[in-house]
Amino acid sequence: MTNNLNPRQREAVQYIDTPLLVLAGAGSGKTSVITRKIAWLIGTAGYDPAKIVAVTFTNKAAREMRERASKLVGSNVKGLGISTFHTLGLNIIRSEHKALGLRSGFTIFDAEDARALVRELMQRDAGGDASLADTVQQAISTLKNDMVGAEDALALAKSPREMLIAQVYEGYERSLRAYNAVDFDDLILKPVQLFNAHGDVLARWQDRTRYLLVDEYQDTNLSQYRLVKQLVGVRGALTVVGDDDQSIYAWRGARPENLVQLKEDFPNLKVIALEQNYRSTGRILRAANAVIANNPHVFEKKLWSELGPGDPIRIVACKDEQHEAEKIATEILGHRARSNGKWKDYAVLYRGNFQSRLIEEKLREKQVPYKVSGGQSFFARAEIKDLMAYLRLIANPDDDSAFLRVVNVPRREIGPTTLEKLAQYAGKRHVSLSTAAGEMGLGEVLGGQYREKLARFVHWLDDVRQRLHRLPAKQALNEMLEELGYEAWLRSQTATPQGAMKRYENVTSLVESIHTMSEKVDDHGKRPDIGEVIARLVLLDMLDQQEEQDDSDRVQLMTLHASKGLEFPNVWVLAFEENVLPHRSSIEANTIEEERRLLYVGITRARRQLTFTHAQKRKQYNEMLRCEPSRFMAELPKDDVRFEGEGTQASSEEKARSRDNALAALDALFKR
DNA sequence: TGACGCTGAGTTTTT
DNA sequence: CTCAGCGTCA
């Protein structure tokens, strides 16, 4: 159970006397420690698997943890409580929804839904400006994560701006309540509020949480921190794993100081640092240690490895951004031809998504297969949002937001004027749009033919709802799509037939997932209803899963943020310059330390080779700007760094290298 | 309803 | 520059 672990890891696995903080350096095998610990708790310490709760931030991490833990424990384990924070919150809300004033079938608003609602509220109440809406939505989310309610926000507002935010916040909360809906932030916040108010409910959940493990603790925000504290209670059966040096999400509410706070919350806290790195060469780790040593630390930590010093880190000066991209593409091509390695062993990391464009161009030119990660999530696609809105409305007739999305998609000749009158009537009667649409009294404010169209729509929804109870999900949904004429609608809305086909395939794949989830019985032998299925779906990134299976051999392009948790044999980091890394706005906001951590994350992604590039000048919008090398360059250990392309004269070594690259590229071309 | 042109913003983003 | 979102016009 604890073989193949180093002494520190083993200690972390077996330690249960007091709360434990595992400071897991990059590449130190933290997932192993968590999964082994789960297995050890069950197998050796005799814990009930159903009462072990392990939380992560991403579905991917949860999936990986579940797979590895079940393999260790044996797949006969029922009810291993491994999930994301949000899924844990959803589980709590689902079983306690009555106490929270939610009716069953409640909707989960995703970020886009929330944004749309804020937009609408601002248009109506504040006569506003949509670009402001995004800022306001962010602000509301931040307030919620900081556990500041709408009333508090109103009371605390000091500026007109804060006042506006607080007012929209209030309307936003009112709307969610009316729609029988919660947003992502509520999934954590509501359980915390509930536990605060009802000690008996909390006691029940504490009893179901005999041991709690939290991954990436440095990324927790205030409400997540509270939830952890509540669940742990006085028992202190807690292991958190984190790395303060990899905290790169403070800008979206993460509080790395929660790590330090643990010491105060639990005076008997045990701290174990995992410092042996199994990923990178000595020079790469030396660079990482040297850079991060410039940040203040509460917990000291120094990565080391047994993999030998390896190659020097290269810093390549380039003339401009074209040269830089060209150089990276050529180097990858050359290196891969020489080493006969795989494309996916190469990663290009950058600060902002837009920086992928040039590299993409150059890689395409050279016919190098690549993959850009990041981009539209599955659930952000219009066709998926449409279908999800239909399902939301079926599960939750009070979801006005879903009603408005689909009432005229495909066209039902229900226009804005009709909807406005419907909304007025619904408002007066204090009912939802879909309830109002079915009421006879609506005839008083709306002409017969319009009322008729609305009534037909809600009756059809009722009909589909009943069929969903009766029939297998796939059949009911396919009938629904057929009756909607959705495929034809997509064809009419999409430029190319191929595009339409692709989009309809997305729809079919969603139907397939829903079907599978609906058929799956839970631990109590019950099948989930449609409300439950779609609630879980919203929290599931299906794109993630598609990507997981996609093991295609391609060069990886992604932001430094997106690279966290990944590793690559060969890494290039672009634009190692002032105003990029560190980013201009971070310099202005005085958040250099987080920028340094971002660099630290970048460095520690590399297993064997690490190259930074920087350009002397760079075209920004339409003017050429001079670029200064990053201040962080001076923090790298000189002995481990080799500078290339300084000045105009290329070193003989570099000439040789570029000749080699050219030859290798030529060679590769002939082979193809 | 759809096409066109104006305006403004331009770091990172899971759930 | 480039893209998104909005308003205007046919």
Side-chain angles (χ1 to χ4, degrees), chain A residues 55-63 83-90 108-116 119 123 128-135 137-138 141-142 144-145 182-189 215-216 219-221 223-224 247-254 321 349-358 373-380 408-409 411 413 415-416 492-493 495 535-544 558-565 574-575 579-589 591 594-595 597-599 601-602 618-625:
Chain A
V55 281
T56 64
F57 278 86
T58 65
N59 289 306
K60 194 175 158 206
R63 209 179 314 129
S83 72
T84 63
F85 261 105
H86 294 266
T87 300
L88 172 64
L90 174 64
I108 299 172
F109 268 40
D110 69 17
E112 208 181 304
D113 303 324
R115 207 181 58 194
R119 268 206 194 139
Q123 225 140 47
D129 174 2
S131 67
L132 231 167
D134 286 13
T135 327
Q137 195 253 319
Q138 286 271 20
S141 175
T142 303
K144 291 179 91 154
N145 289 151
V182 295
D183 65 16
F184 279 153
D185 301 324
D186 286 332
L187 291 174
I188 317 292
L189 185 56
D215 190 19
E216 304 275 19
D219 287 341
T220 51
N221 60 34
S223 60
Q224 287 158 340
S247 164
I248 53 174
Y249 288 111
W251 53 273
R252 70 176 193 210
E321 79 280 7
L349 310 182
Y350 36 80
R351 183 62 224 257
N353 280 309
F354 70 95
Q355 291 173 301
S356 71
R357 275 194 45 178
L358 259 184
S373 63
Q376 225 190 9
S377 115
F378 186 80
F379 286 97
N408 208 27
V409 172
R411 304 238 156 81
E413 300 173 288
S492 77
Q493 293 303 106
R536 299 206 178 276
L537 265 173
V538 174
L539 295 184
L540 248 186
D541 201 334
M542 313 220 308
L543 205 72
D544 246 32
M558 70 189 80
T559 63
L560 284 158
H561 282 89
S563 75
K564 195 175 128 189
L574 284 194
N579 297 321
V580 179
L581 184 63
H583 194 271
R584 214 178 100 109
S585 34
S586 298
I587 298 172
E588 281 162 15
T591 54
E594 180 146 312
E595 295 292 293
R597 293 193 290 265
L598 192 54
L599 170 61
V601 166
R618 196 176 280 283
K619 197 151 96 181
Q620 196 174 36
Y621 312 137
N622 54 6
E623 52 179 348
M624 270 299 194
L625 287 181

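Chain identifiers are assigned alphabetically (A, B, ...) following the order of the sequence lines, protein sequences preceding nucleic acid strands; residue numbering begins at 1 within each chain.
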Are the side chain of [X] and the backbone N or O of [Y] linked by a donor-acceptor pair below 3.5 Å?
X	Y	answer
Asn221(A)	Gln224(A)	yes
Glu594(A)	Ala250(A)	yes
Thr142(A)	Gln138(A)	yes

Length of the line joining [X]:[atom1] and [N]:[atom2], which is rounded to integer Å:
X	N	atom1	atom2	answer
Arg115(A)	dT14(B)	CZ	C1'	16 Å
Ile248(A)	dT14(B)	CD1	C1'	12 Å
Asp110(A)	dT13(B)	CG	C1'	13 Å
Phe109(A)	dT14(B)	CZ	P	20 Å
Asn221(A)	dT13(B)	CG	P	18 Å
Leu539(A)	dT15(B)	CG	C1'	6 Å
Leu625(A)	dG10(B)	CG	P	17 Å
Tyr249(A)	dT13(B)	OH	C1'	6 Å

(request) Could you say whether the aromatic ring of Trp251(A) and the base of dT12(B) stack, counting only centre distances under 5.5 Å and plane angles under 30°? (result) yes
(message) Return whichever of Ser492(A) or Leu598(A) has its heavy-atom-nearest nucleotide of DNA chain B closer to the 5' end.
(response) Ser492(A)
(request) Using the closest heavy atom to pick a nucleotide of DNA chain B for each, name whichever of Arg411(A) or Gln138(A) lands nearer the 5' end. (result) Arg411(A)
(request) Name the closest nucleotide to the Thr559(A) side chain, picking from dT12(B), dT15(B), dG2(B). (result) dT12(B)
(message) Let's see if you can work this out: which of dT12(B), dC6(C), dG2(B) has an atom nearest to the side-chain heavy atoms of Arg119(A)?
(response) dC6(C)
(request) Quick one: label Ser585(A) by what it contacts on the DNA or RNA (base, sugar-phosphate, nothing), any heavy atom closer than 4.0 Å. (result) base
(message) What contact category does Asp185(A) fall into here, base, sugar-phosphate, or nothing, at under 4.0 angstrom with non-hydrogen atoms?
(response) nothing
(message) Does dT14(B) have OP1 or OP2 under 4.0 Å away from a side-chain N or O of Asn59(A)?
(response) no
(request) Tell me whether the OP1 or OP2 atom of dT13(B) has a side-chain N or O from Asn353(A) closer than 4.0 Å. (result) yes
(message) Applying side-chain hydrogen bond (donor to acceptor under 3.5 Å, both in side chains), can you list everything that pairs with Asp215(A), at least two apart in sequence or on another chain?
(response) Lys30(A)
(request) Not counting sequence neighbours, which residues clear side-chain hydrogen bond (donor to acceptor under 3.5 Å, both in side chains) with Asp110(A)? List them please. (result) Lys385(A)
(message) Within this structure, what is the CD-CG distance for the pair Glu595(A) and Leu599(A), rounded to the nearest 0.5 Å?
(response) 9.5 Å
(message) What I want to check is whether the side chains of His583(A) and Ser585(A) have a donor and an acceptor closer together than 3.5 Å.
(response) yes
What protein N or O atoms touch nucleotides 1-4 of chain C N or O atoms at under 3.5 angstrom, if any, and at what distances?
| residue | atom | partner | partner atom | Å |
| --- | --- | --- | --- | --- |
| dC1(C) | O4' | Tyr621(A) | O | 3.2 |

